[in-house]
Engineer: 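Please see the structure below; I have some questions.
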Amino acid sequence: MADAAITVEGARKEYGSKNALDGLDLTVTRGTVHGVLGPNGAGKTTLIRILSTLLRPDAGRVEVAGHDVVAEAYAVRLRIGLLGQHAALDEELGGRQNLEMFGRLHHLGARRARARADELLARFDLADTGRKPVGAYSGGMRRRLDLAASLITEPEVLFLDEPTTGLDPRGRAEVWDSVRSLAGAGTTVLLTTQYLEEADQLADRISVVDAGRVVADGTADELKAATGGDRVDVVLRHAGQLGAAVALLPLTGVRVDPDRRLLSAPVTDRMAALSGVVRALEEAGVEAEDVALRRPTLDEVFLHLTDRTKEAA
Ligand SMILES: Nc1ncnc2c1ncn2[C@@H]1O[C@H](COP(=O)(O)OP(=O)(O)O)[C@@H](O)[C@H]1O
Ligand SMILES: [Mg+2]
């Protein structure tokens, strides 16, 4: 596809007898942010390492920025940036010096390296901290500097492997803003995450990965609509009646949360389900504080998908 920045077809990777990628398929459109969402051990880092030419796939076709990652690894490297789980910053140097050093390493020349460092510091809101040693940075600042360093060469495609893991909520929000600004500037971004909210916030499209394969993909809205459809939530006045309510309501697949006096279930026909629930509660004399229809959360989608994969295995 001409507008694909990343194409992965049937990628496989084994470590000994461990199948890390098990026929993974993925297409990322140029200029979009694509989220690869999956639990620990799903194969996310393995995928990033293959896409960034650090690891060869055992089988499958993998192209990045129009070049094959095995046959044309060098051409791929010229066009990508990578934010790994740990970047090679010098703790004693300031942010500006680190970025200049990265620029020189990438053959920018002194003047160009300095200009690029200033540009990136401004872009990631680090201009005032240019001289502070990186060792004294907060987690969020540090990650933004990592991000700036990965952009020294103005990559077409940027890989972010769990960019906010280990950050506090404020640091996470800072990194999210930075990723949004990148996307606005036209860079194709592939980011991996274990956080559903992160994928929901940042990604134009999401591939849900489990056990080395894509179990679902689409926009966050499509994923929510495709799995489980709408849900009905019922909050009871008395937690003691939850068991009775589950038995009498015309619902299946009910989940109960006693702390919130809540029961929740997927529904197909929204209006019929809503009126059926209200009627059944009235007839049984069970008091409800709230009865509401809603879309599923991405968490529920994810649980649903990964449960189904385990059942099938
Ligand atoms: N170097 C390695 N040797 C053996 N097994 C590995 C190695 N790297 C990863 N794995 C295994 O491959 C699977 C996928 O790992 P990884 O790609 O790191 O997943 P994720 O990044 O989603 O947590 C896991 O089961 C992991 O234990
Ligand atoms: Mg990983």
Side-chain angles (χ1 to χ4, degrees), residues 6-28 33-64 69-70 73 76 80-89 139 142-143 146-147 149-150 157-168 171-172 175-176 179 188-203 205-218 220 223 298-299 301-313:
I6 301 172
T7 308
V8 179
E9 278 175 16
R12 301 191 160 275
K13 184 72 199 178
E14 284 181 18
Y15 299 107
S17 61
K18 173 78 211 175
N19 229 347
L21 294 186
D22 187 19
L24 187 134
D25 298 315
L26 182 75
T27 304
V28 178
V33 177
H34 195 98
V36 171
L37 173 65
N40 225 334
K44 301 180 299 296
T45 297
T46 302
L47 173 65
I48 294 268
R49 290 176 62 81
I50 287 174
L51 290 168
S52 54
T53 78
L54 299 173
L55 192 68
R56 278 167 166 255
D58 297 334
R61 188 170 73 92
V62 182
E63 284 183 15
V64 174
V69 294
V70 178
V76 171
I80 61 171
L82 170 64
L83 178 79
Q85 277 161 349
H86 6 249
L89 295 172
R142 167 91 193 212
R143 206 64 57 89
D146 287 344
L147 209 46
S150 68
V157 182
L158 180 65
F159 300 113
L160 309 176
D161 194 8
E162 300 202 19
T164 65
T165 292
L167 295 184
D168 60 16
R172 183 169 299 172
V175 170
W176 284 1
V179 173
T188 304
V189 179
L190 182 140
L191 72 97
T192 71
T193 184
Q194 300 190 40
Y195 303 115
L196 303 139
E197 193 196 352
E198 184 156 286
D200 208 356
Q201 287 275 335
L202 295 180
R205 295 185 72 81
I206 298 169
S207 297
V208 181
V209 175
D210 195 32
R213 31 167 77 232
V214 173
V215 294
D217 68 17
L223 289 175
L298 210 47
D299 269 300
V301 172
F302 188 63
L303 279 175
H304 174 86
L305 288 168
T306 49
D307 279 357
R308 204 176 51 190
T309 321
K310 284 186 187 93
E311 277 159 27

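Atoms within a ligand are numbered from 1 in the order they appear, just like the ligands themselves.
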Engineer: Distance under 6.0 Å and angle within 45° of the ring axis: does R49 meet both against F159?
Structural biologist: no

Engineer: Counting N and O atoms only, with roles assigned by atom type, does the side chain of D22 sit under 3.5 Å from a partner on the main chain of R213, one being a donor and the other an acceptor?
Structural biologist: no

Engineer: Are G43 and ligand 1 in contact, using a heavy-atom cut-off of under 4.0 Å?
Structural biologist: yes

Engineer: Report yes if some N/O of G41 lies less than 3.5 Å from some N/O of ligand 1; otherwise report no.
Structural biologist: yes

Engineer: I'd like to know if the side chain of K44 and the backbone of P39 have a donor-acceptor N/O pair within less than 3.5 Å.
Structural biologist: yes

Engineer: Quick one: pull up CG in L26 and CG in L190 and give me the separation to the nearest 0.5 Å.
Structural biologist: 6.0 Å

Engineer: Atoms of ligand 1 less than 4.0 Å from A42 heavy atoms?
Structural biologist: 19 (O), 20 (P), 22 (O)

Engineer: Out of T46, V36, L47, L37, indicate the one that has the non-hydrogen atom closest to atom 15 (O) of ligand 1.
Structural biologist: T46

Engineer: Can you check whether E162 has an N/O within less than 3.5 Å of an N/O in ligand 1?
Structural biologist: no

Engineer: For the Mg ion (ligand 2), does an N/O/S atom of N40 lie at less than 2.8 Å?
Structural biologist: no

Engineer: Check each heavy atom of K44 against ligand 1 and say whether those closer than 4.0 Å belong to the side chain, the backbone, both or neither.
Structural biologist: both

Engineer: Is L191 close to V36 at the side-chain level, that is, under 4.5 Å between some pair of heavy atoms?
Structural biologist: no

Engineer: Which atoms of ligand 1 are found less than 4.0 Å from any heavy atom of A20?
Structural biologist: 12 (O), 13 (C), 14 (C)

Engineer: Just jot down the ligand 1 atoms closer than 4.0 angstrom to any heavy atom of N40, in number order.
Structural biologist: 23 (O)

Engineer: Between E162 and T193, is any side-chain donor less than 3.5 angstrom from a side-chain acceptor?
Structural biologist: no

Engineer: Does some non-hydrogen atom of P39 fall short of 4.0 Å from ligand 1?
Structural biologist: yes

Engineer: Taking side chain to side chain contact (heavy atoms under 4.5 Å, CB included) as the criterion, tell me which of D217, L24, L37, L47 meets it with V209.
Structural biologist: L24

